[in-house]
Amino acid sequence: MSTPPLIAIVDDDGSVRAAINNLLKSHGYIVHTFVSAEEFLRSPHLNGTSCVIADVQMSIMGGLDLLAHMRDHGYGAPFIFITAFPDDRVRVRALSAGAICFLAKPFAGQHLIRCLDTALDKHRGGASA
């Protein structure tokens, strides 16, 4: 029996964290939520994370800075970005940095699950990677 993937949700909006947490747990994922990028980086779950779902705009360290920091330190977990302020320049920057998806809030749960399936397949080295 394999262990379900560990998904990290990093968003300073508690209602968004709770909604995504409930959605992903209902699909059988192990989920850990974090109020900030700094909290996630200090967590014991950093090495075991299979995918990061991060808000683009957060105080101190935003999602794009979190991705850059993780890549600089050798962490290869795929990223899905979510934002309430979609901007084409930020979208291009996120996807160029290697993000799997860039979703504008509010988004349909099925879109997030589809992005997560793609991210986890890529993380496992699947055919679509």
Can I get a per-line list of side-chain donor-acceptor pairs under 3.5 Å for residues 96-107, giving both atom names and the distance, sequence neighbours left out?
from	atom 1	to	atom 2	distance (Å)
S96	OG	V92	O	2.8
K105	NZ	D11	OD2	2.9

Distance-only check: which donor-acceptor pairs under 3.5 Å involve side-chain atoms of residues 71-78, not counting sequence neighbours?
from	atom 1	to	atom 2	distance (Å)
R71	NH1	Y75	O	2.9
R71	NH1	A77	O	3.0
R71	NH2	A77	O	3.0
H73	ND1	H69	O	2.8

Donor-acceptor contacts under 3.5 Å from residues 33-42 side chains, at least two apart:
from	atom 1	to	atom 2	distance (Å)
S36	OG	E38	OE1	3.4
S36	OG	E39	N	3.0
E38	OE2	M61	N	3.3
E39	OE1	V35	N	2.6

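In this structure, the side chains of Q110 and R114 come closer than 4.5 Å at one or more pairs of heavy atoms. Between L23 and I113 the shortest side-chain heavy-atom distance falls below 4.5 Å. Inter-residue side-chain proximity for F85 and V90 is flagged as unmet; no heavy-atom pair is nearer than 4.5 Å.
Going from atom CD1 of I7 over to atom CG of L116 covers 4.5 Å, rounded to the nearest 0.5 Å. Distance check, rounded to the nearest 0.5 Å: CD of Q57 to CG of D13 gives 12.0 Å. With rounding to the nearest 0.5 Å, the separation of CG in D55 from CG in L64 is 10.0 Å. Atom SG of C51 and atom CG of D117 lie 10.0 Å apart (nearest 0.5 Å). Note: L120 CG to C115 SG = 11.0 Å, rounded to the nearest 0.5 Å. Atom CE of residue M58 and atom CG of residue L66 lie 6.0 Å apart, to the nearest 0.5 angstrom.
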Open item on the list: Let's go through I53 and V10 carefully: what are the C-alpha distance in whole Å and the side-chain angles of both, what is the deciding distance for side chain to side chain contact (heavy atoms under 4.5 Å, CB included) to 0.1 Å, and is it a yes or a no?
Closed with: CA-CA 6 Å; I53 299 171; V10 185; over 6 Å; no

Task: Check against side chain to side chain contact (heavy atoms under 4.5 Å, CB included), V56 and D87 - done: CA-CA 10 Å; V56 172; D87 174 280; over 6 Å; no

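In this view, Y29 satisfies the ring pair (Phe, Tyr, Trp, His ring centres under 6.0 Å) rule with no residue, not counting sequence neighbours. Not a single ring pair (Phe, Tyr, Trp, His ring centres under 6.0 Å) links H27 to another residue, sequence neighbours left out. In this structure H45 satisfies the ring pair (Phe, Tyr, Trp, His ring centres under 6.0 Å) test together with H32, sequence neighbours excluded.
Among all heavy-atom pairs drawn from S59 and D12, the shortest one is N-OD2, 4.0 Å. Considering every non-hydrogen atom in both F79 and G63, the closest pair reads CE2-O, 4.1 Å.
For the pair N21 (side chain) and R17 (backbone), a donor-acceptor distance under 3.5 Å is absent.
Two different hydrophobic clusters hold V52 and I82 under the rule that ILVMFWY side chains link at heavy-atom gaps under 4.5 Å.
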